[in-house]
2 protein chains.
Amino acid sequence: MTQKKPVKSKKSDLTRAAILAAARELFTSQGFDHTTVRDVAAKAKIDPAMVIRYFGSKDELFALAVEFDLRLPDLSKVPRDAVGATLAAHYFGLWEGENRNHGLPLLMRSAASNEFAAAKMREMFGKQVAPAIAALVGPAQAAACAGLVASQLLGMAFCRHIIKLPPAVAMPRDAMIKALGQTIQNYMLPRGIKPSEP
Amino acid sequence: MTQKKPVKSKKSDLTRAAILAAARELFTSQGFDHTTVRDVAAKAKIDPAMVIRYFGSKDELFALAVEFDLRLPDLSKVPRDAVGATLAAHYFGLWEGENRNHGLPLLMRSAASNEFAAAKMREMFGKQVAPAIAALVGPAQAAACAGLVASQLLGMAFCRHIIKLPPAVAMPRDAMIKALGQTIQNYMLPRGIKPSEP
DNA sequence: CTAGAAAGTCAACGACTGTTGACATATGGA
DNA sequence: TCCATATGTCAACAGTCGTTGACTTTCTAG
């Protein structure tokens with residue numbers, strides 16, 4: 001007899017997962033508008049009608065495909081002068097690590113021309129990034145600081161992975177993380193050095 | 001009599017200009033895909049067929065709407081320690097100055113999901129930005145430097161004007177330009193400080 | 001084995017899109 | 001005045017899209 005509590009992986013679960021995986025890939029590489037329900041179905045090797053049956057609509061599918069966790073490291077356990085580099089390294093691990101098929105590249109590709117995706121990016125920033133930074137830099141400068149950090153990290157991802165600007169693509173990962181790490185470090189915990197006047 | 005050399009502003013020229021202006025506005029605020037030929041025609045108060053007659057196709061209209069000149073200042077005539085701030089100020093003058101209706105916001109909005117727009121951004125970078133930077137920093141580091149500068153400037157525009165991340169929107173323009181100016185300055189002309197190892 | 005639910009297939013609808021061609025009107029030189 | 005050309009209008013085509021409902025196949029509980 002088939003129990004009902006210990007949910008077995010029914011066949012429908014596999015199909016569901018296949019659709020979601022196909023959708024993530026296509027949304028990531030083509031964006032929301034250029035990805036058709038028929039494309040997703042073809043990649044998942046099922047009928048377009050199934051996509052709608054399983055997820056209700058293209059929008060709901062997108063909303064599910066987008067969900068994910070940044071899994072930011074606990075910055076309070078990182079040496080203070082390594083915070084910038086740690087953050088930069090973690091962030092580009094999300095883009096260039098083993099499991100690349102998550103919501104971040106997907107959101108980035110669609111956010112510029114899709115208000116739902118833009119709102120999701122703002123939400124993710126507000127719930128995951130801002131608090132992590134606010135815990136380190138004090139409430140007064142926290143917002144501005146978080147905005148600056150986000151602009152640098154998102155900007156490099158935009159150049160390197162979205163529009164593929166040659167020098168940003170060619171830059172070795174280590175050098176990029178080092179440069180961005182210093183910038184972020186300076187935004188978050190500026191030294192007494194005071195870049196300009198002594 | 002109507003002369004033919006000193007081109008008078010015929011009526012068709014006005015219509016053409018009206019179409020182009022309407023197209024720029026809509027492409028900028030909605031991106032390429034969400035802007036329909038019918039939208040443009042409605043905004044220009046003419047028939048959709050005229051848009052095609054005047055510009056051949058939606059793609060050709062987009063290609064024309066996108067053309068523009070960054071008008072970068074001559075960095076060699078700027079005090080070396082003011083290069084970063086000058087560049088940042090000029091760049092955000094393009095976004096927030098009086099004449100905002102040009103190709104840059106337009107490209108940014110569409111580049112993530114439109115290969116033509118992405119290619120145009122790469123071309124603009126290669127022809128206008130990279131040379132200006134290469135003239136200052138020497139060919140060895142020029143490419144990497146230009147990539148870093150672009151990532152920071154484009155990233156902030158993305159946060160502030162495209163997805164409208166609250167802290168990036170709220171940041172006063174002066175403070176933003178100061179912070180970004182320092183970062184860019186450091187990318188282009190790092191002080192003797194030598195960030196890490198000597 | 002068998003009835004019924006789950007899973008999958010198929011064709012079509014209605015809306016929207018870029019684009020076209022046939023037609024009407026206006027303009028300006030002869 | 002008249003005609004050629006420039007300019008503008010209108011309806012429709014062909015294609016694509018998300019979505020739906022009717023149908024068939026597969027699986028499994030009783």
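Below, read A as the first sequence line, B as the second, and so on, with proteins coming before strands; counting in each chain starts at 1. Being a predicted model, the structure only gives us computed values, none of them experimental.
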> In Å and rounded to the nearest 0.5 Å, what is the OH to CG distance from Tyr187(B) to Leu87(B)?
Replying inline: 13.5 Å
>> Could you work out, with side-chain hydrogen bond (donor to acceptor under 3.5 Å, both in side chains) as the rule, every residue matching Gln141(B), not counting sequence neighbours?
In response: none
> What pairs with Asp74(A) under side-chain hydrogen bond (donor to acceptor under 3.5 Å, both in side chains), at least two apart in sequence or on another chain?
Replying inline: Ser76(A)
>> Expressed as a whole number of angstroms, how long is the span from Phe62(B):CZ to dG18(C):P?
In response: 13 Å
>> Just to verify, what does Gln185(A) make a side-chain hydrogen bond (donor to acceptor under 3.5 Å, both in side chains) with, not counting sequence neighbours?
In response: none
>> Would you say Thr15(B) places a side-chain N or O within less than 4.0 Å of OP1 or OP2 belonging to dT7(D)?
In response: no
> Lys45(A) NZ to dA7(C) C1': how many Å, rounded?
Replying inline: 18 Å
> How long is the line joining CZ of Arg53(A) and C1' of dA6(C), in whole Å?
Replying inline: 9 Å
>> Whole angstroms only, please: what is the CE-P distance between Met50(B) and dA24(C)?
In response: 17 Å
> Nearest to the side chain of Ser57(B), which nucleotide is it out of dG8(D), dT19(C), dG8(C)?
Replying inline: dT19(C)
Short N/O separations, protein against nucleotides 11-17 of chain C, under 3.5 angstrom:
none

>> What is the separation between atom CD on Glu60(B) and atom P on dG18(C), rounded to the nearest whole Å?
In response: 14 Å
> Within the pair Tyr54(A) and dA7(C), is there a side-chain N or O less than 4.0 Å away from OP1 or OP2?
Replying inline: no
>> My understanding is that only residues two or more places apart in sequence, or in another chain, count here; which of them pass side-chain hydrogen bond (donor to acceptor under 3.5 Å, both in side chains) with Lys127(A)?
In response: none
> What's the CZ-P distance between Arg16(A) and dG8(C), to the nearest Å?
Replying inline: 12 Å
> When you measure from the side chain of Ile52(A), which nucleotide among dT19(D), dA22(D), dT7(D) comes out closest?
Replying inline: dT19(D)
> Atom CD1 of Ile46(B) and atom P of dT9(D): how far apart are they, to the nearest Å?
Replying inline: 8 Å
> Of all residues at least two apart in sequence or in a different chain, which pass the salt bridge (Lys or Arg N to Asp or Glu O under 4.0 Å) check with Glu67(A)?
Replying inline: Lys120(A)
>> Ignoring hydrogens, what is the shortest heavy-atom contact between Cys159(B) and Leu154(A)? Give both atom names and the distance.
In response: SG-CD1, 3.7 Å
> Tell me: CG of Leu14(B) to C1' of dA26(C), nearest whole Å?
Replying inline: 16 Å
